[in-house]
Amino acid sequence: MKLVLFVFVCCGLFGFSQQTTEPFLANIVKQFPNVRDTAISPNGNEILFSAQSVMGNTSAIITVTKNGNTWNPPQVASFSGQFFDIEPFFSTDGLTLYFASNRPLEPTGKTVKDFDIWYVKRSSMDDTWSEPINMGSPINTKNDEFYPCITNNRNLYFTMDNPQTNTKDDIYISEYRNGNYSPPKPLDDSINSNGYEFNAFIASDELFMVYTCYNREDGLGSGNLYISYKTDTGWSQVKNLGNSVNSDKMDYCPFIDTKSNTLYFTSKRDHSKTNFENPQSIEELLKEFDKYDNGSSRLYQVELGNFLKK
């Protein structure tokens, strides 16, 4: 695997220049003002994402299941739809789903709190989800915790907004040891900086990480996706995934399906026209407004070729 990672670096960021970024679940996504946070079940038959209002002040987790080769109509997940829920992530067996929410701790409560990491469980892939369970201390604190990612050894990576530090959002890890989680600690300065780092996807074997960095000097503008590799001495210095993936708008919320070697992510890229050669009719304007890449949060995918195969 180390040889494969060496090839990654030498060939230049997964060889994305040979791939094409395309919309993902376009017909379903376009039903909602904004969509973000792709999570695909291990068997590939279930997709969850966050659907949000125009201004982003309402958010629910949506589930879409597959019937043969056809995706069923989207439904609000059984545990969502009342509070601000975002950023689902499946465990490796698909029987636990982690997410971030500002819901109250008490099941009957109505007053929202800061964002915590929650989870729901099920006995099999065909069963319904349990009621949400708060992960509690030491994961959740008085600060906001976002974007959970669980690895094979149950280490938990997530984003924390900690006003007690001199940084903005950072990526944290809580290691799973002897049946308990250790107090969260930020990753080192090869990953975090004084700016914003958030929304990290970590490979289940912890060999690489893709996450969002905001407005870095080597960025294309706004937020871009970056990659780092696990080495014998820690995480490598991050590399921008380049303009075959990133745009000059916000690119964030990565998810990698290693079975299909596909990167899924959210982008606010906008290819709308600012002027036209001729005056437009109502129908032509509506068609322009309804473009997939119109500045709203949309889901995209790009194939990674053979680079993730061992």
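From a predicted model like this one, the values you see are computed outputs, not experimental measurements.
With a 4.5 Å cut-off on side-chain heavy atoms, Y98 and I150 count as touching. In this structure, the side chains of V210 and I256 come closer than 4.5 Å at one or more pairs of heavy atoms. Looking only at side-chain heavy atoms (C-beta outward), V35 and S297 stay at 4.5 Å or farther from each other. Side-chain contact between K30 and D290: present, with at least one pair of heavy atoms (C-beta onward) separated by less than 4.5 Å. E206 has its side chain within reach of Y157: a pair of non-hydrogen atoms, C-beta onward, lies under 4.5 Å apart. A heavy-atom distance below 4.5 Å is found between the side chains of T266 and L299. For the pair T58 and F84, the minimum side-chain heavy-atom distance is 4.5 Å or more. Between P33 and Q52, the closest side-chain pair of non-hydrogen atoms is not below 4.5 Å.
Neither side chain, D114 nor N143, offers a donor N or O lying under 3.5 Å from an acceptor on the other. In the model, D85 has a side-chain atom that pairs as donor or acceptor with a side-chain atom of S101 under 3.5 Å. Between N261 and E303, the side chains place no donor N or O within less than 3.5 Å of an acceptor N or O (distance only, hydrogens not considered). A donor-acceptor pair shorter than 3.5 Å cannot be found between the side chains of D218 and N240. With 3.5 Å as the limit, one finds no donor-acceptor pair spanning the side chains of D37 and Y147. With hydrogens and angles left out, the side-chain atoms of T65 and N72 include a donor and acceptor closer than 3.5 Å. Using a 3.5 Å distance cut-off with no hydrogens or angles, the side chains of S53 and N57 do pair a donor with an acceptor. In this model, no donor atom of one side chain and acceptor atom of the other lie less than 3.5 Å apart for E288 and N294. Side-chain N/O atoms of D126 and S124 include no donor and acceptor closer than 3.5 Å.
Criterion: ILVMFWY side-chain heavy atoms under 4.5 Å apart, direct or through other members. Under it, M160 and Y252 are not part of a common hydrophobic cluster. In this structure, F146 is not a member of the same hydrophobic cluster as L156, with clusters built from ILVMFWY side-chain heavy atoms closer than 4.5 Å. By the criterion of side-chain heavy atoms lying less than 4.5 angstrom apart, applied directly or through intervening Ile, Leu, Val, Met, Phe, Trp or Tyr residues, W129 is not grouped with V64; the two fall into different hydrophobic clusters. Under the 4.5 Å side-chain contact rule for hydrophobic residues, L263 and I40 share a cluster. Residues Y181 and I117 are members of one and the same hydrophobic cluster, defined by side-chain heavy-atom contacts under 4.5 angstrom among Ile, Leu, Val, Met, Phe, Trp and Tyr.
Within the structure, salt bridge (Lys or Arg N to Asp or Glu O under 4.0 Å) pairs that include any residue of residues 39-62 comprise E46-R122 (at least two apart or interchain).
Taking OG1 of T159 as the reference point, atom CG of D170 lies at 9.0 Å (rounded to 0.5 Å). L48 CG to I62 CD1: the interatomic distance, rounded to the nearest 0.5 Å, is 9.0 Å. The CZ atom of F255 lies 8.0 Å from the OG1 atom of T38; values are rounded to the nearest 0.5 Å. The line from CD of Q301 to OG1 of T262 is 6.5 Å long, rounded to the nearest 0.5 Å. Atom-to-atom distance recorded for I133:CD1 and T96:OG1 is 8.5 Å, nearest 0.5 angstrom. To the nearest 0.5 Å, atoms CG (D116) and CG (N134) are separated by 4.5 Å.
In this pair, F49 and F32 present their aromatic rings perpendicular. The plane angle is above 60°, beyond the 30 to 60° band. Taking the six-membered ring for Trp and thresholds of 30 and 60 degrees, Y211 and Y226 have ring planes inclined between 30 and 60 degrees apart. Note: Y292 and Y300 have perpendicular aromatic rings, judged against thresholds of 30 and 60 degrees for the angle between ring planes.
For I282, the CD1 atom sits in a loose shell: 12 or fewer heavy atoms of surrounding residues, nucleotides or ligands are nearer than 6.0 Å. For K185, the NZ atom sits in a loose shell: 12 or fewer heavy atoms of surrounding residues, nucleotides or ligands are nearer than 6.0 Å. Environment of CG in N27: sparse, with no more than 12 heavy atoms of neighbouring residues, nucleotides or ligands closer than 6.0 Å.
Ion pair R269/D251 flagged as a salt bridge, since at least one NZ, NE, NH1 or NH2 atom sits closer than 4.0 Å to an Asp/Glu carboxylate oxygen. A salt bridge links R36 to E87: at least one charged side-chain nitrogen sits closer than 4.0 Å to a carboxylate oxygen. Ion pair D270/K249 not flagged as a salt bridge, since none of the NZ, NE, NH1 or NH2 atoms sits closer than 4.0 Å to an Asp/Glu carboxylate oxygen. Under the 4.0 Å criterion applied to side-chain N and carboxylate O atoms, E197 and R216 are assigned as salt-bridge partners.
Between Y264 and S260 the shortest heavy-atom distance is OH-OG, 4.2 Å. Here the shortest heavy-atom pairing between D248 and S222 reads O-CB, 3.9 Å. Heavy atoms only, all atoms of each residue included: S80 and R103 are closest at CA-NH2, 4.2 Å. Looking at every heavy atom in both residues, C149 comes nearest to F89 through SG-CZ, 3.5 Å. Scanning both residues, S50 and I86, for their nearest heavy atoms gives OG-CA, 3.3 Å. The shortest non-hydrogen separation linking F79 to I61 is CE1-CD1, 3.9 Å.
With hydrogens and angles ignored, the 3.5 Å screen pairs a side-chain donor or acceptor of D144 with a backbone N or O of F115. Here the side chain of N192 pairs a donor or acceptor atom with the backbone of L187 at under 3.5 angstrom. Distance alone, capped at 3.5 Å, places no donor-acceptor pair between the N155 side chain and the T151 backbone.
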For this session: Given side chain to side chain contact (heavy atoms under 4.5 Å, CB included), test M125 with S41 step by step and report yes or no.
Result: CA-CA 9 Å; M125 297 296 287; S41 63; 4.0 Å; yes
For this session: Take L241 and I227 through the side chain to side chain contact (heavy atoms under 4.5 Å, CB included) test and state the conclusion after the steps.
Result: CA-CA 7 Å; L241 288 184; I227 190 166; 3.9 Å; yes
For this session: Begin from the C-alpha positions of N215 and Y196 and carry the test side chain to side chain contact (heavy atoms under 4.5 Å, CB included) through to its verdict.
Result: CA-CA 8 Å; N215 205 25; Y196 291 92; over 6 Å; no
Problem set entry | Trace of the side chain to side chain contact (heavy atoms under 4.5 Å, CB included) decision for V238 with I191 | CA-CA 7 Å; V238 299; I191 300 298; 4.0 Å; yes
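R154 forms a cation-pi arrangement with Y176, by the criterion of a distance under 6.0 Å to the ring centre and an angle within 45° of the ring axis. Geometrically, K230 engages W235 in a cation-pi contact, judged by NZ or CZ lying under 6.0 Å from the ring centre and within 45° of the ring axis.
Aromatic ring centroids of F265 and F24 lie 6.0 Å or more apart.
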